[in-house]
Amino acid sequence: MTASISDHLLAWYDKHARALPWRLPPGAPLPDDPAWPYRVWLSEVMLQQTTVAAVKPYFEKFTALWPDVTALAAAPDDAVMAAWAGLGYYSRARNLMKCAREVAVRGGFPTTEAELRQLPGLGDYAAAAIAAIAFGQRAVVVDANVERVTARLFAITDPLPGARKAIRAATAGITPATRAGDFAQAMMDLGAQTCTTRSPRCLLCPLRAHCRAHAAGAPERLPVKPAKKPVPERSGTAFWITRQGGAEVWLVTRPGKGMLGGMRALPDDGWSARADGSGMVPLAGDWRELGAVRHGFTHAQLTLRVMALDTDSPPPGEGQWRPVSQIEDAGLATLFAKAARLALAGG
DNA sequence: CATTCGTGGGG
DNA sequence: TCCCCAAGAAT
């Protein structure tokens, strides 16, 4: 039988695999070390909808602070949320803690795809990826890279998300019985570096001869994606409330669900992706207008006005005074870090 | 099935 | 500047 797609791809991967902090060299035996599945799991969660470049420093920080799942399970919530600050999609960090604690109680990660799928924060993709990469099991791993590569290989022209079933079936058809983890990572490397969204580098592609979209002449058109909805424009106000002449600032912890859920933050006027903030100040005083910051979310574009007040009276509600000198370590999401920077610059 | 959830980099 | 989107999951 002629060499298969997976054979070609694995041979390519053996030469061209990216070296990544959470990855073994191609073909390496799986370490018999509980820290190994932990690192695979941590990287997979961090990499959800997030670029490799963005993940790297966070992966290094997390593994230095918490080298294994037991250590992470024992960490206080606010420390984990603060360490995640800036990486985005904060429900991942909340689920990360839930998952770590479940895994610590049961004495280690489960090794089957079905069991992994039951853990918080692990969906179809991550469960398959961890089963294959961490435990060497044959699992069909489909992320956005694989979706793109497979749609092109087989010239699947049905638009997403309807095409997912066919894409998954086609991916299953080329997933090998052994080295499924390397195969998945090879597909993702290929998608990230060669079979890219806008201008695929077909001349460098090991699967060029197998690719129906390349043969047809317009691989960059696949997969067909649905039109995106317009992003609404929102406005809100954040409050930089200090005491002792600006030495300490009042920070709150946002509710556990919703935008920036569970994160330490500046108090604000209740803006959301769905509605503008009220614009009302939380306490009376001689407020100063410092200006505004712009911040783009996936589903809203926000202009956040920043107002400042130095006061001796405690603001209403839960919160705590934090030293302004350590604001960089307070664990603010990027939006509020921008607002804090504006305040520190004096408007 | 559609919506909600961040952020930073590249074209 | 603007738009696109990246190792998706939860609801």
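These values consider heavy atoms only, across backbone and side chains, with no hydrogens, waters or symmetry-generated copies. If you're wondering where the values come from, they're calculated on a predicted model, not measured in any experiment. Below, chain A is the first sequence line, B the second, and so on; all start at residue 1.
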What is the distance from CZ of Phe297(A) to C1' of dC4(C), rounded to the nearest Å?
18 Å

Starting at the 5' end of DNA chain B, which residue's closest nucleotide do you reach first, Gly88(A) or Ala53(A)?
Gly88(A)

Using a cut-off of less than 4.0 Å, is there contact between a side-chain N or O of Thr334(A) and OP1 or OP2 of dT7(B)?
yes

Do the side chain of Thr50(A) and the base of dG8(B) come within less than 3.5 angstrom through a donor-acceptor pair of N or O atoms?
no

Which nucleotide in the set dA7(C), dG6(B), dG10(B) lies at the smallest distance from any side-chain heavy atom of Leu20(A)?
dA7(C)

Lys/Arg cation over aromatic Trp271(A): Arg254(A), 6.0 Å, 45° cone:
yes

Atom CD of Glu113(A) and atom C1' of dA9(C): how far apart are they, to the nearest Å?
15 Å

Which part of the nucleic acid does Ala144(A) contact within heavy-atom distance under 4.0 Å: base, sugar-phosphate only, or nothing?
sugar-phosphate

Decide, yes or no, whether a salt bridge links Asp14(A) with Arg179(A) under the criterion of side-chain N to carboxylate O below 4.0 Å.
yes

Hey, which of these two, Ser43(A) or Leu122(A), hits DNA chain C nearer its 5' end, going by closest nucleotide?
Ser43(A)

Of the listed nucleotides (dC5(C), dG6(B), dA10(C)), which one gets closest to any side-chain atom of Arg117(A)?
dA10(C)

For dG8(C), take OP1 and OP2 only and decide whether either is under 4.0 Å from a side-chain N or O of Gln48(A).
no

Is any NZ, NE, NH1 or NH2 atom of the basic residue among Arg322(A) and Glu248(A) found under 4.0 Å from an Asp or Glu carboxylate oxygen of the other?
no

Contact class for Ala192(A) vs. all strands (heavy atom < 4.0 Å): base, sugar-phosphate, or nothing?
sugar-phosphate

Give one of base, sugar-phosphate or nothing for Leu335(A), where a contact means two heavy atoms less than 4.0 Å apart.
sugar-phosphate

Can you tell me how far P in dA7(C) sits from the matching atom in dT4(B), rounded to whole Å?
24 Å

Look at Asp189(A) together with Arg18(A) and state whether they make a salt bridge at an N to O cut-off of under 4.0 Å.
yes

Separation between the P atoms of dT11(C) and dG6(B), rounded to whole Å:
14 Å

Side chain to side chain donor-acceptor pair (under 3.5 Å) evaluation trace for Arg168(A) with Thr150(A):
CA-CA 8 Å; Arg168(A) 180 179 184 77; Thr150(A) 299; over 6 Å; no

Return whichever of Lys229(A) or Ala333(A) has its heavy-atom-nearest nucleotide of DNA chain B closer to the 5' end.
Lys229(A)

Mind checking if Gly258(A) touches a base, just sugar-phosphate, or nothing, with heavy atoms under 4.0 Å?
sugar-phosphate

If each of Arg23(A) and Lys257(A) is mapped to the nucleotide of DNA chain C with the nearest heavy atom, which maps nearer the 5' terminus, i.e. the 5' end?
Arg23(A)

In this structure, which one of Phe59(A), Tyr38(A), Phe62(A), Trp41(A) forms a ring pair (Phe, Tyr, Trp, His ring centres under 6.0 Å) with Trp22(A)?
Phe59(A)

Over all strands shown, is Trp84(A) touching base, sugar-phosphate only, or nothing at heavy-atom distances under 4.0 angstrom?
nothing

Over how many whole Å does the gap from Tyr89(A) atom OH to dA10(C) atom P extend?
14 Å

What nucleic acid atoms does Arg294(A) come within less than 4.0 Å of, heavy atoms only: base, sugar-phosphate, or nothing?
nothing

Tyr125(A) side chain: which of dA2(B), dG8(C), dA10(C) is closest?
dG8(C)

Is the distance from OP1 or OP2 of dA6(C) to the nearest side-chain N or O of Thr197(A) less than 4.0 Å?
yes

Could you work out which one of dA6(C), dT4(B), dG6(B) sits closest to the side chain of Arg148(A)?
dA6(C)

So what does Gly191(A) touch, heavy atoms closer than 4.0 Å: a base, only the sugar-phosphate, or nothing?
nothing

By the 4.0 Å heavy-atom rule, please label Ile133(A) as base, sugar-phosphate, or nothing.
nothing

Over all strands shown, is Arg94(A) touching base, sugar-phosphate only, or nothing at heavy-atom distances under 4.0 angstrom?
nothing

Base, sugar-phosphate, or nothing for Met259(A), non-hydrogen atoms under 4.0 angstrom?
sugar-phosphate

